[in-house]
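By convention in this document, chain letters (A, B, ...) are assigned in the order of the sequence lines, proteins followed by strands, and residues within each chain are numbered from 1.
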Protein chains: 2
Amino acid sequence: MITVNALSEVAALMGDPARAAMLQLLMDGRAHTASDLALTAGITAQTASGHLSRMVEANLLAARAQGRNRFYRLASTDVAHAIESLMALAGRRAEPASKTAAWRRDPDLRFCRTCYDHLAGQVGIAVTDSLTQHGHLEPKGPRDWKLTGTGELFCQRLGVDLAGAKKAGTRHFARQCLDWSERRPHISGALGAAIADTFFKKGWAERLRRGRTVRLTDSGRRALSRDFGTSV
Amino acid sequence: MITVNALSEVAALMGDPARAAMLQLLMDGRAHTASDLALTAGITAQTASGHLSRMVEANLLAARAQGRNRFYRLASTDVAHAIESLMALAGRRAEPASKTAAWRRDPDLRFCRTCYDHLAGQVGIAVTDSLTQHGHLEPKGPRDWKLTGTGELFCQRLGVDLAGAKKAGTRHFARQCLDWSERRPHISGALGAAIADTFFKKGWAERLRRGRTVRLTDSGRRALSRDFGTSV
DNA sequence: ATAACGCTTCGGCTGCGGCCGAACTATTGG
DNA sequence: CCAATAGTTCGGCCGCAGCCGAAGCGTTAT
């Protein structure tokens with residue numbers, strides 16, 4: 001297999017409506033069965049199977065067999081990041097009242113969602129802004145942040161698993177991820193994931209059954225106000 | 001125009017080999033003529049014209065007519081960012097011995113090459129970092145640098161043709177250009193070109209006959225150490 | 001004026017790739 | 001065992017989109 005143009009190959013994979021629909025479902029960071037993905041994409045199982053193999057082959061997805069099911073998930077945060085940045089582009093189209101896809105207008109999704117394994121939407125931005133405004137995060141390079149001393153302290157008090165986040169192999173620690181609905185960067189990387197975990201563990205937020213939408217609980221609202229000094 | 005799936009539409013645009021080739025050429029941040037782009041993509045002018053209109057329509061590119069030429073450039077840094085993250089995915093394919101495009105693994109190319117008319121690769125980054133760390137370059141806007149007072153002095157001492165670079169029409173003076181191998185911006189624009197010229201004129205670097213690879217000479221290494229206070 | 005050039009539009013050809021039906025494998029459960 | 005479920009492979013159909021030749025339009029050069 002001779003690679004003529006690496007960019008076009010990856011983009012073409014994401015460029016098919018059925019595959020794109022599957023990828024968007026997988027943006028919740030969870031693993032889904034082949035049938036589930038086929039249903040979402042509105043195609044038959046055999047067609048979906050072909051799409052999925054191709055995406056695994058290209059390292060966009062990872063597959064794991066379990067019983068008679070096969071679960072697929074995004075292969076890495078890089079994949080999620082690429083998808084997110086493409087969606088940001090799409091959102092930018094200044095078509096005013098036109099039929100922009102429904103999911104794009106869903107207020108709940110814009111309010112809070114998972115972006116692979118970290119928080120996005122208004123809540124993700126609120127958390128990120130709070131961290132930078134209090135001097136817990138400082139810009140470092142074009143696409144990263146640095147956690148300051150006070151930031152470490154803050155995270156420890158909050159119960160964020162910093163140790164776990166720091167020993168995460170080659171993964172970026174505090175990465176900027178462009179939020180497609182808010183059009184500004186929110187915190188991702190190992191730290192972003194650890195913060196999101198804290199939100200879920202403490203019952204501040206809960207994932208909805210299907211899709212990427214996340215609900216901020218009442219205690220979550222209180223935590224935002226009390227611990228982050230912000231509100232949404 | 002009904003938008004079924006915003007992600008797939010944008011991705012599909014980038015997923016055509018001809019369009020991808022054009023986009024990659026435009027990743028230098030400069031504007032190129034339609035014919036130039038057609039030539040790069042290996043297609044006829046009329047085919048290219050169709051591709052270009054579609055990408056303008058989708059807000060991926062911006063077009064500007066000038067005389068009997070039409071210049072196209074990337075519409076925004078977001079577009080460049082999306083392309084970069086897709087290329088990062090492609091590069092990441094961990095096929096060890098496989099035919100990942102040869103040019104992508106060539107260590108000499110990663111070490112030093114021309115990016116059109118300025119230096120890229122480890123050497124390009126080393127030069128850029130030296131300039132910023134010594135306070136000769138300061139960030140200005142999202143994609144430019146400003147040459148400071150000490151920077152002007154430094155360039156003059158080095159023998160860089162600043163006067164020539166400054167009177168270069170509409171061209172950006174000190175532009176950030178994202179380095180695909182180092183994943184960080186290096187200096188481009190008129191100043192970047194002038195600096196590269198200096199390297200070639202003084203015999204610090206020489207272009208190889210074929211391709212974009214550049215060889216750093218021994219005197220080039222000495223100059224990096226002596227004048228730039230860095231090494232590669 | 002006339003020619004050359006750069007780019008676009010139109011029309012028609014062609015091939016790639018997505019799609020499904022049918023058939024096959026593997027796991028689970030009765 | 002046999003049936004049901006989940007997934008894959010194969011073969012063939014079909015439409016879309018990319019491609020080019022031809023022709024047209026506006027700009028620049030001579």
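- For the OP1/OP2 pair of dC19(C) and a distance below 4.0 Å, the side-chain nitrogens and oxygens of T44(A) include no atom meeting the criterion.
- Residue-level contact check: F71(A) touches neither bases nor backbone, having no heavy atom under 4.0 Å from any strand.
- Note: F199(B) and W204(B) have perpendicular aromatic rings, judged against thresholds of 30 and 60 degrees for the angle between ring planes.
- Scanning residues 11-20 of chain B for heavy-atom distances under 4.0 Å to DNA chain C yields an empty list.
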Please tabulate the protein-to-nucleotide N/O contacts below 3.5 Å involving nucleotides 28-30 of chain D, giving atom names and distances.
none

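- Residue contacts for A34(A): at a heavy-atom cut-off of 4.0 Å it reaches the sugar-phosphate backbone alone, with no base atom in range.
- The shortest side-chain heavy-atom distance between T77(A) and D117(A) falls under the 4.5 Å cut-off.
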With side chain to side chain contact (heavy atoms under 4.5 Å, CB included) as the test, would you mind laying out the steps for V123(A) and R113(A) before giving the verdict?
CA-CA 8 Å; V123(A) 173; R113(A) 63 182 178 277; over 6 Å; no
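- Every ring-ring contact (aromatic ring centres under 6.0 Å, His included) that H136(B) has, sequence neighbours left out, goes to H134(B), F154(B).
- T217(A) is linked by a side chain to side chain donor-acceptor pair (under 3.5 Å) to S219(A), counting only residues two or more places apart in sequence or in another chain.
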Compile the donor-acceptor pairs under 3.5 Å between side chains in residues 47-56 of chain B and protein atoms, sequence neighbours left out, one pair per line.
from, atom 1, to, atom 2, distance (Å)
T47(B), OG1, T44(B), OG1, 3.1
H51(B), ND1, R19(B), NH1, 3.1
S53(B), OG, S49(B), O, 2.7

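- Sorted by residue number, the members of residues 46-55 of chain A with any non-hydrogen atom under 4.0 Å from DNA chain C read Q46(A), T47(A), H51(A), R54(A).
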